[in-house]
There are 2 protein chains.
Amino acid sequence: MPMHITSADNVRRLASATTALPADVTPTGPKAGILNVALRLFAEQGYAGASIRDIAQACGLKPASLYAHYASKEQLLAQLINIGHEEHFKMVQEAVIDAQPEPLEQLKAYVSGHVRFHAEFPMLATLVNHELHALSAEEVTTALKLREQSTDLLMHILKRGQALGAFAKDYDHWLAGAAIGAMGIRVANWYSEHHEKSIDEIIRTYQTFACRLVGQGE
Amino acid sequence: MPMHITSADNVRRLASATTALPADVTPTGPKAGILNVALRLFAEQGYAGASIRDIAQACGLKPASLYAHYASKEQLLAQLINIGHEEHFKMVQEAVIDAQPEPLEQLKAYVSGHVRFHAEFPMLATLVNHELHALSAEEVTTALKLREQSTDLLMHILKRGQALGAFAKDYDHWLAGAAIGAMGIRVANWYSEHHEKSIDEIIRTYQTFACRLVGQGE
DNA sequence: AAAAACCTAACGATCGTTCGTTGACAAAGC
DNA sequence: GCTTTGTCAACGAACGATCGTTAGGTTTTT
């Protein structure tokens, strides 16, 4: 009969959380605090599991005060998911643009941005990957369009690598993209800033994995 | 069928769902229907997002009637998560036991059971991977112990492969296990029975990926 | 003084759960 | 053969708690 939603630390959906939101997209003023708290609670307890009252209390506010800054609970989630998608695309795109044009270098660059996003913003990643279903059909369309940018970029790199003969051709490139994407997505579930390995070390290892996966030793 | 994923399908947390529960562990009588419905709704909407009234209605029952069969909403989730963990371990263990003792064959066997579980029981996989946080500390302990069995098996295979010289040694075996595990876990999010590739084809491709990842060509 | 930020109070809806009851049906006693 | 008893599965009604949200007033900041 006791209803308890919270639980031990090792049961949470992610391992740590200091840098909650990317600095450049966080709003100013009281909106920032609300958004950060909502991010943490949505990620830890799920959208439906975190109430407006939970968020308000964690902000040191009363529930009604939130509505002066955000129109609804769903809009909070929508904004967070949009920020998450935009930040992910920004990170993989910038990495790929800065890379040499060889397919293998582009693949390594993508993995770098992809893994870094999930290690640095695990809570945003959790929302993007597990809470899309709580959004209305309208807001979901926006989110899916943003997500498509990132997956298209990876698929393009993989197809181009196969076409140029830089990667093996004995596999379906969509499956390879799914596998490489999955490796990085899962990082959000276990990486914490106290991990024995640094983000850069993890990235290097995962780059190696991705290169081998497409048939290139490197 | 080629299957371009529609945006409506893509919003859900998993792609399809026919074989909801493994036949051998499903209870008999009216409990079976309730458990299957709860599995579907918990997986689609999250534990907190699916209400007892939703489940009852989908069963053609009234809310109160559920309590003749299950003591609480949380017990429903706990049983599903336990079934999920047991089935996963059973599938990977049986595959590995049937395999030749060479590390590479054991790795391929593990990937086979791992991927097959996530493709055949995507809803169970979703609960196991994303709804643990809704469980009480007590029930979570049971679940984590079951999960440890599976991860220990994979880590043992990877360490043994490195020790015997069958796998490369230039990577952290824990990171390799995380990557190989992640590849399979994500399958639950996109595989559906109408996918252009069969489960066996996907398994073969992912076996190749895993072998390359540990430094072995095939 | 104007604007921004926050408050109290409450609305109707829904939440998980409990209570006492009902009809169906099979075994047991007369 | 007929009643009694017991079990099973399901029911309507309701409990207190909590949900997202709103209206209107007060405090704080500029």
Side-chain angles (χ1 to χ4, degrees), chain A residues 1-7 26-81 127 131 133-140, chain B residues 26-81 127 131-140:
Chain A
M1 80 166 84
M3 172 97 212
H4 85 68
I5 294 295
T6 52
S7 34
T26 307
T28 59
K31 294 194 177 195
I34 296 171
L35 204 59
N36 268 284
V37 165
L39 170 59
R40 196 185 82 238
L41 294 184
F42 287 164
E44 284 176 355
Q45 315 179 16
Y47 175 74
S51 71
I52 286 286
R53 284 169 175 82
D54 292 335
I55 298 171
Q57 191 173 16
C59 291
L61 296 176
K62 301 295 170 181
S65 306
L66 299 190
Y67 287 86
H69 307 281
Y70 292 96
S72 68
K73 187 188 177 188
E74 191 196 337
Q75 201 186 76
L76 264 174
L77 177 65
Q79 176 151 359
L80 287 166
I81 286 185
L127 297 196
E131 297 294 339
H133 66 110
L135 247 40
S136 71
E138 195 178 356
E139 318 242 34
V140 137
Chain B
T26 307
T28 59
K31 294 194 177 196
I34 297 172
L35 205 59
N36 268 284
V37 165
L39 170 59
R40 197 185 81 236
L41 294 185
F42 286 164
E44 284 176 357
Q45 315 179 20
Y47 174 74
S51 72
I52 285 285
R53 285 170 175 81
D54 292 336
I55 298 171
Q57 190 173 17
C59 292
L61 296 176
K62 300 296 170 181
S65 307
L66 298 190
Y67 287 85
H69 305 282
Y70 293 96
S72 67
K73 186 188 176 187
E74 191 195 337
Q75 201 186 76
L76 263 173
L77 178 66
Q79 175 151 0
L80 287 167
I81 286 185
L127 297 195
E131 297 294 339
L132 256 184
H133 67 109
L135 247 39
S136 72
E138 195 178 356
E139 317 243 33
V140 136

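Chain naming here is simple, since letters A, B, ... match the order of the sequence lines and numbering starts at 1 in each.
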Q) What is the distance from CG of B/Leu66 to C1' of C/dT18, rounded to the nearest Å? A) 14 Å
**Q.** Sugar-phosphate only, base, or nothing, as touched by A/Lys62 at under 4.0 Å among non-hydrogen atoms
**A.** base
Q: Could you tell me which non-hydrogen atom of B/Pro63 sits nearest to which non-hydrogen atom of B/Arg53, and how far apart they are?
A: CG-CG, 3.5 Å
Output one line per pair: protein atom, nucleotide atom from nucleotides 15-22 of chain D, and distance, for all N/O pairs under 3.5 Å.
from: D/dC19; atom 1: OP1; to: A/Ser51; atom 2: OG; distance (Å): 3.2
from: D/dG20; atom 1: OP1; to: A/Lys73; atom 2: NZ; distance (Å): 2.7
from: D/dG20; atom 1: OP2; to: A/Ile52; atom 2: N; distance (Å): 2.8
from: D/dG20; atom 1: N7; to: A/Arg53; atom 2: NH1; distance (Å): 2.8
from: D/dG20; atom 1: O6; to: A/Arg53; atom 2: NH2; distance (Å): 2.9
from: D/dT21; atom 1: OP2; to: A/Tyr67; atom 2: OH; distance (Å): 2.6
from: D/dT21; atom 1: OP2; to: A/Lys73; atom 2: N; distance (Å): 2.9
from: D/dT21; atom 1: O5'; to: A/Tyr67; atom 2: OH; distance (Å): 3.3

Q) Is there a side-chain contact (heavy atoms from CB on, under 4.5 Å) between A/Leu127 and A/Glu131 once you walk through the steps? A) CA-CA 5 Å; A/Leu127 297 196; A/Glu131 297 294 339; 3.8 Å; yes
Q: Would you mind building the protein contact string for nucleotides 25-30 of chain D? One character per nucleotide, 5' to 3', B for base within reach (heavy atoms under 4.0 Å), S for sugar-phosphate only, - for untouched.
A: ------
Q: Calculate the interatomic distance between A/His69 atom NE2 and C/dC6 atom C1'; express it in whole Å.
A: 8 Å
(Q) Using whole Å, what does the distance between atom P of nucleotide D/dC11 and atom CD of B/Gln57 come to? (A) 12 Å
Q.
Could you report the tightest heavy-atom contact between B/His69 and B/Ile34, atom names first, then the distance?
A. CD2-CD1, 3.7 Å
Q. What closest approach, in Å, do B/Gln79 and B/Tyr70 show between heavy atoms, and which atom pair accounts for it?
A. OE1-CE2, 3.5 Å
Q. How far apart are the closest heavy atoms of A/Ala78 and A/Glu139, and which atoms are they?
A. CB-OE1, 3.3 Å
Q) Atom CD in B/Gln57, atom CD1 in B/Ile52: separation rounded to 0.5 Å? A) 13.0 Å
Q: Take A/Leu76 and A/Phe42 through the test side-chain contact (heavy atoms from CB on, under 4.5 Å) and record every step on the way to the result.
A: CA-CA 10 Å; A/Leu76 264 174; A/Phe42 287 164; 4.2 Å; yes
Q | Atom of A/Glu44, atom of B/His133 and distance for their closest heavy-atom approach | A | O-ND1, 3.2 Å
